[in-house]
Amino acid sequence: MTEATRAADGTADASVDVAAEGARIAASIARVVQGKDDVVRLALVVLLAEGHLLIEDVPGVGKTTLAKALAASVDASVRRIQFTPDLLPSDVTGVAVYDQETREFEFKPGAVFANIVVADEINRASPKTQSALLECMEERQVTVDGVSYELARPFMVMATQNPLEMEGTYPLPEAQRDRFTARVSMGYPDPAAELAMLDDRATTDPLAGLRPVADAALVRSLVAAVGRLHVSEAVRRYVVALVEATRRSPDLRLGASPRAGLQLLRAARASAALQGRDHVLPDDVQALAVPVLAHRLLLGSEAAVGRRSTEHVVAQLLASVPVLRGR
């Protein structure tokens with residue numbers, strides 16, 4: 001962390017410019033992930049909201065590249081886990097090994113002990129292995145043989161997932177989907193970006209030339225600054241109204257949890273800070289409602305038969321729930 005971002009008492013400095021620092025990180029990621037500014041911005045929002053990001057799309061569209069580009073742009077510890085059917089929970093969390101010399105058990109940390117964990121193709125592992133991430137994603141700790149170990153801050157899981165229709169995949173449990181702050185789909189690049197990719201990556205890998213523009217300490221200061229943003233009572237009531245509306249919707253058999261409301265508000269704070277504001281607007285909530293809420297919801301039978309999507313249901317609720325005014 002630079003001197004400008006830390007106060008004399010060692011706490012995070014309120015003068016840190018979230019918008020400027022966020023723009024630097026976004027520009028670094030955009031050198032590799034071209035033509036996907038909205039996706040890059042959402043990844044930054046999730047990072048500053050102390051959340052986790054689920055990147056879902058078909059193979060080959062840059063899911064892992066986005067995760068690696070963010071990790072490379074922040075000078076922090078990074079671990080990548082390739083999820084496969086034979087991956088064990090202990091490979092993720094770690095295991096206690098008996099040391100014959102000391103006659104004591106010694107904990108060997110797993111791959112999850114890093115600031116940024118890239119969980120590649122998370123839904124190719126069994127549900128038992130997927131569940132190894134539940135505690136660390138929610139409580140930022142790992143418990144092995146009754147002993148809890150704290151994880152470093154910041155801590156973010158960036159998981160990639162192939163569509164469930166593809167062979168060899170397991171659906172993520174509802175409890176795990178609820179721990180992801182947001183879900184994003186990469187989509188195919190536009191022709192201009194794809195043409196540039198063919199030229200730029202013919203002989204070199206852009207990731208190899210990416211250098212960090214921030215470190216873990218700076219990210220912690222940015223997170224602290226985001227947490228200080230003002231949120232009016234009207235905006236808080238609007239978030240609650242949206243979440244409650246998902247629980248009453250006849251199109252859904254599972255609405256949003258209280259955790260969803262908390263993460264929607266945190267994401268809205270991060271979005272406002274990245275735009276240089278010191279307060280949250282209803283527009284911030286509306287812009288993030290679909291990526292934050294849709295993956296947590298389950299369609300009812302009639303809506304599923306009608307081939308409706310949870311994204312469509314959230315969009316309808318945004319149009320029907322009134323925006324509350326006030327300070």
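These numbers were taken from a predicted model, which means no experiment stands behind them.
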Looking only at heavy atoms, what is the nearest atom pair of [X] and [Y], with distance?
{"X": "Ala216", "Y": "Val74", "value": "N-CG1, 4.3 Å"}
{"X": "Leu274", "Y": "Val18", "value": "CD2-O, 3.9 Å"}
{"X": "Val16", "Y": "Ala225", "value": "CG1-CB, 3.6 Å"}
{"X": "Thr129", "Y": "Pro89", "value": "OG1-CD, 3.7 Å"}
{"X": "Ala256", "Y": "Val243", "value": "O-CG1, 3.7 Å"}
{"X": "Thr246", "Y": "Leu252", "value": "O-CD1, 3.4 Å"}

Find out if a path of hydrophobic residues (ILVMFWY) with successive side-chain heavy-atom gaps under 4.5 Å connects [X] to [Y].
{"X": "Leu281", "Y": "Tyr238", "result": "no"}
{"X": "Leu262", "Y": "Phe180", "result": "no"}
{"X": "Val95", "Y": "Phe83", "result": "no"}
{"X": "Val292", "Y": "Leu254", "result": "no"}
{"X": "Val213", "Y": "Val40", "result": "yes"}

Any [X] side-chain heavy atom under 4.5 Å of [Y] side chain:
{"X": "His52", "Y": "Leu133", "value": "no"}
{"X": "Val235", "Y": "Asp284", "value": "no"}
{"X": "Leu218", "Y": "Glu21", "value": "yes"}
{"X": "Thr93", "Y": "Glu135", "value": "no"}
{"X": "Gln130", "Y": "Pro173", "value": "yes"}
{"X": "Met186", "Y": "Thr65", "value": "no"}
{"X": "Leu210", "Y": "Leu207", "value": "yes"}
{"X": "Ile25", "Y": "Leu70", "value": "yes"}

Approximate separation, where rounding is to 0.5 Å, of [X] [atom1] and [Y] [atom2]:
{"X": "Glu174", "Y": "His295", "atom1": "CD", "atom2": "NE2", "value": "12.0 Å"}
{"X": "Arg177", "Y": "Leu298", "atom1": "CZ", "atom2": "CG", "value": "5.5 Å"}
{"X": "Asp120", "Y": "Thr160", "atom1": "CG", "atom2": "OG1", "value": "3.5 Å"}
{"X": "Ser271", "Y": "Arg41", "atom1": "OG", "atom2": "CZ", "value": "3.5 Å"}
{"X": "Ile122", "Y": "Ile81", "atom1": "CD1", "atom2": "CD1", "value": "8.5 Å"}
{"X": "Leu151", "Y": "Met137", "atom1": "CG", "atom2": "CE", "value": "12.0 Å"}

Side chain to side chain contact (heavy atoms under 4.5 Å, CB included) evaluation trace for Asp251 with His312: CA-CA 10 Å; Asp251 294 321; His312 180 69; over 6 Å; no
Identify whether the distance between the nearest side-chain nitrogen and carboxylate oxygen of [X] and [Y] falls below 4.0 Å.
{"X": "Glu244", "Y": "Arg247", "value": "no"}
{"X": "Glu311", "Y": "Arg183", "value": "yes"}
{"X": "Arg140", "Y": "Glu50", "value": "no"}

Counting only N and O atoms by type, is there a donor-acceptor contact under 3.5 Å from the side chain of [X] to the main-chain atoms of [Y]?
{"X": "Asp57", "Y": "Gly187", "result": "yes"}
{"X": "Asp99", "Y": "Glu104", "result": "no"}
{"X": "Ser249", "Y": "Ala245", "result": "no"}
{"X": "Asn123", "Y": "Pro171", "result": "no"}
{"X": "Ser185", "Y": "Glu56", "result": "yes"}
{"X": "Lys68", "Y": "Lys63", "result": "no"}
{"X": "Arg179", "Y": "Leu134", "result": "yes"}
{"X": "Arg236", "Y": "Val231", "result": "yes"}

CG/Asp190: more than 12 non-hydrogen atoms of other groups inside 6.0 Å: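 Yes.
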Verdict with supporting geometry, Gln161 and Leu172, side chain to side chain contact (heavy atoms under 4.5 Å, CB included): CA-CA 9 Å; Gln161 175 175 253; Leu172 294 183; 3.2 Å; yes
Side chain to side chain donor-acceptor pair (under 3.5 Å) between Ser301 and Arg253, worked out: CA-CA 8 Å; Ser301 56; Arg253 59 187 176 93; over 6 Å; no
Side chain to side chain contact (heavy atoms under 4.5 Å, CB included) evaluation trace for Arg308 with Gln316: CA-CA 11 Å; Arg308 302 182 67 191; Gln316 280 191 321; 2.3 Å; yes
Parallel, tilted or perpendicular, as decided by the 30° and 60° cut-offs, for the rings of Tyr149 and Phe107: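 The arrangement is parallel - the two ring planes meet at less than 30°.
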Chi angles and distances behind the side chain to side chain contact (heavy atoms under 4.5 Å, CB included) call for Leu87, Thr84: CA-CA 5 Å; Leu87 188 72; Thr84 56; 4.0 Å; yes
Side-chain donor-acceptor contact under 3.5 Å, Arg296 with Thr310: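 Per modelled atom types, Arg296 and Thr310 side chains form no pair under 3.5 Å.
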